[in-house]
There are 2 protein chains.
Amino acid sequence: MDKHKRTKLEARGWKIGTTAQFLDLTPEEAAFVETKLALSHSLRARRTKQQVSQTTLAKRLGSSQSRVAKMEAADPTVTIDLLLRALYALGATPRDIATALRRSGDLMAV
Amino acid sequence: MDKHKRTKLEARGWKIGTTAQFLDLTPEEAAFVETKLALSHSLRARRTKQQVSQTTLAKRLGSSQSRVAKMEAADPTVTIDLLLRALYALGATPRDIATALRRSGDLMAV
DNA sequence: TGCGCATATGTCAGGACTGACATAGTTTGT
DNA sequence: ACAAACTATGTCAGTCCTGACATATGCGCA
């Protein structure tokens with residue numbers, strides 16, 4: 001199971017580089033990364049809109065500031081479970097998540 | 001961190017009993033469980049529709065039949081990450097996930 | 001009935017993730 | 001310029017999750 005290393009590279013590629021290096025990703029891998037990125041972006045959007053600091057959100061979650069930072073950076077050590085928990089802690093609904101995912105799909109289609 | 005035990009009870013409650021025992025769930029917990037259930041149902045629907053056995057899907061995932069069974073049962077030892085990976089392995093797109101979540105939200109609203 | 005196939009459930013060693021801490025860089029207000 | 005608040009990144013021990021295995025149940029069919 002090398003998903004750890006792969007995802008690390010992928011996440012960096014998306015963040016630092018352009019959309020280019022998606023060529024060596026299987027559709028499943030791309031979809032998974034895409035999902036993670038959509039959620040992490042959604043998380044930061046919600047948090048900043050609500051004027052909540054990473055530290056505050058961390059306390060609410062029973063977590064730490066550093067982990068929240070990693071969530072928003074789509075760090076490979078962060079799971080989608082954790083991202084969802086954070087989003088729900090910020091008042092998101094499954095419907096909101098659905099919307100965020102649908103939008104991400106539109107982006108990918110470009 | 002007692003989420004393990006809690007989620008176990010919650011999942012069973014939803015599966016075995018009725019919608020009644022949702023009273024002792026915070027909105028965030030309810031949303032999380034709801035998400036998990038929506039995905040597990042979606043997984044089984046996709047798999048059966050494609051006439052794929054749990055064993056076959058397991059091989060495709062590099063996993064085992066027992067784990068696929070637990071995925072579809074929304075077992076507490078299964079993460080949303082794993083559920084998503086399985087769904088994507090069955091050809092689902094983030095858009096499909098979004099649709100599944102949106103529908104689950106509608107159900108909850110009843 | 002007996003056999004093969006699909007699914008459900010329990011258990012466990014090993015690897016992945018978590019929260020916490022340390023530290024550095026960045027932004028904002030004075 | 002300085003401090004305070006906020007955010008980014010690395011590391012690590014303890015815990016959770018994973019795949020694998022064993023086993024049981026159910027189902028169709030010869």
Side-chain angles (χ1 to χ4, degrees), chain A residues 1-12 14-16 29 32-33 36-37 39-41 43-90, chain B residues 1-12 14-16 32 36-37 39-41 43-90:
Chain A
M1 187 158 303
D2 53 0
K3 75 181 173 186
H4 208 274
K5 188 178 59 183
R6 295 196 74 131
T7 310
K8 182 163 213 163
L9 292 174
E10 292 154 13
R12 290 207 173 274
W14 180 273
K15 256 177 36 187
I16 296 175
E29 287 172 326
F32 191 81
V33 174
K36 207 159 162 179
L37 288 167
L39 295 179
S40 64
H41 290 161
L43 176 60
R44 184 189 289 273
R46 265 189 181 269
R47 183 181 63 77
T48 54
K49 178 155 194 177
Q50 296 182 19
Q51 312 241 35
V52 177
S53 74
Q54 291 182 343
T55 306
T56 303
L57 174 57
K59 250 169 223 150
R60 213 183 282 178
L61 282 171
S63 181
S64 57
Q65 178 268 325
S66 64
R67 193 135 294 274
V68 173
K70 286 177 223 272
M71 290 182 212
E72 295 182 354
D75 187 282
T77 70
V78 167
T79 61
I80 287 184
D81 289 54
L82 192 57
L83 281 167
L84 285 179
R85 270 186 235 278
L87 280 162
Y88 290 145
L90 284 176
Chain B
M1 189 158 303
D2 53 357
K3 76 183 170 186
H4 207 277
K5 189 177 57 184
R6 293 197 76 133
T7 309
K8 182 163 211 163
L9 293 173
E10 292 153 13
R12 290 209 173 273
W14 180 274
K15 256 179 32 190
I16 296 175
F32 191 79
K36 207 159 163 181
L37 288 167
L39 295 178
S40 65
H41 290 161
L43 176 60
R44 185 189 288 272
R46 267 189 179 269
R47 182 181 64 76
T48 54
K49 178 155 194 176
Q50 296 183 19
Q51 311 240 39
V52 177
S53 74
Q54 292 182 343
T55 306
T56 303
L57 174 57
K59 252 171 220 149
R60 212 183 283 177
L61 282 171
S63 182
S64 57
Q65 179 268 326
S66 64
R67 192 135 297 272
V68 173
K70 286 177 223 273
M71 289 183 215
E72 295 182 353
D75 188 281
T77 71
V78 166
T79 60
I80 287 183
D81 288 55
L82 191 57
L83 281 167
L84 285 179
R85 270 186 233 279
L87 280 162
Y88 290 146
L90 284 176

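In what follows, chains carry the letters A, B, and so on, assigned in the order in which the sequence lines appear, proteins first and then strands, with residues in each chain numbered from 1.
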Atom-to-atom span, CD of A:Q65 to P of C:dT23 - whole angstrom: 15 Å
Whole-Å gap separating P (D:dT15) and CG (A:L82): 18 Å
Show me, pair by pair, the donor-acceptor contacts under 3.5 angstrom made by side chains of residues 43-52 of chain A, not counting sequence neighbours?
residue: A:R44; atom: NH1; partner: A:E72; partner atom: OE1; Å: 3.4
residue: A:R44; atom: NH2; partner: A:E72; partner atom: OE1; Å: 3.4
residue: A:R46; atom: NH2; partner: A:D96; partner atom: OD2; Å: 2.8
residue: A:R47; atom: NE; partner: A:E72; partner atom: OE2; Å: 2.5
residue: A:R47; atom: NH1; partner: A:V52; partner atom: O; Å: 2.8
residue: A:R47; atom: NH2; partner: A:E72; partner atom: OE1; Å: 3.1
residue: A:R47; atom: NH2; partner: A:E72; partner atom: OE2; Å: 3.4
residue: A:T48; atom: OG1; partner: A:R44; partner atom: O; Å: 2.8
residue: A:T48; atom: OG1; partner: A:A45; partner atom: O; Å: 3.1
residue: A:Q50; atom: NE2; partner: A:L90; partner atom: O; Å: 2.8

A:I80 CD1 - C:dC17 P separation (whole Å): 11 Å
Verdict with supporting geometry, B:I80 and A:L84, side chain to side chain contact (heavy atoms under 4.5 Å, CB included): CA-CA 9 Å; B:I80 287 183; A:L84 285 179; 3.5 Å; yes
For atom NZ of B:K70 and atom P of D:dA20, their distance in whole Å: 14 Å
4.5 Å side-chain heavy-atom contact, B:K70 and B:L82: no
A:R85 side-chain N/O to C:dT18 phosphate OP1/OP2 under 4.0 Å: no
For atom CG of A:D81 and atom P of C:dA16, their distance in whole Å: 17 Å
Touch class at under 4.0 angstrom, heavy-atom based, for B:V68 against every strand present: nothing
Minimal non-hydrogen separation, A:L61 against A:A89, with atom names: CD2-CB, 3.7 Å
Test item: B:Q54 and B:L57 side chains (from C-beta on) under 4.5 Å apart, heavy atoms: no
Side-chain N,O (B:T79) to OP1/OP2 (D:dT18) below 4.0 Å: yes
Interatomic distance, B:D75 CG vs D:dG19 P [rounded to whole Å]: 13 Å
Heavy-atom pair of closest approach, residues A:T77 and A:R67: O-NH1, 3.4 Å
Interatomic distance, B:R67 CZ vs D:dA20 C1' [rounded to whole Å]: 10 Å
Distance-only donor-acceptor test (3.5 Å): side chain B:S64, base D:dC21: no
Over all atoms of both residues, closest heavy-atom pair of A:A74 and A:S40: CB-OG, 3.7 Å
Phosphate OP1/OP2 of C:dG19: any A:S63 side-chain N/O under 4.0 Å: yes
Members of residues 51-60 of chain B that approach DNA chain D, where some heavy atom sits under 4.0 Å away: none
C:dA8 phosphate, OP1 or OP2, under 4.0 Å from B:R44 side-chain N/O: yes
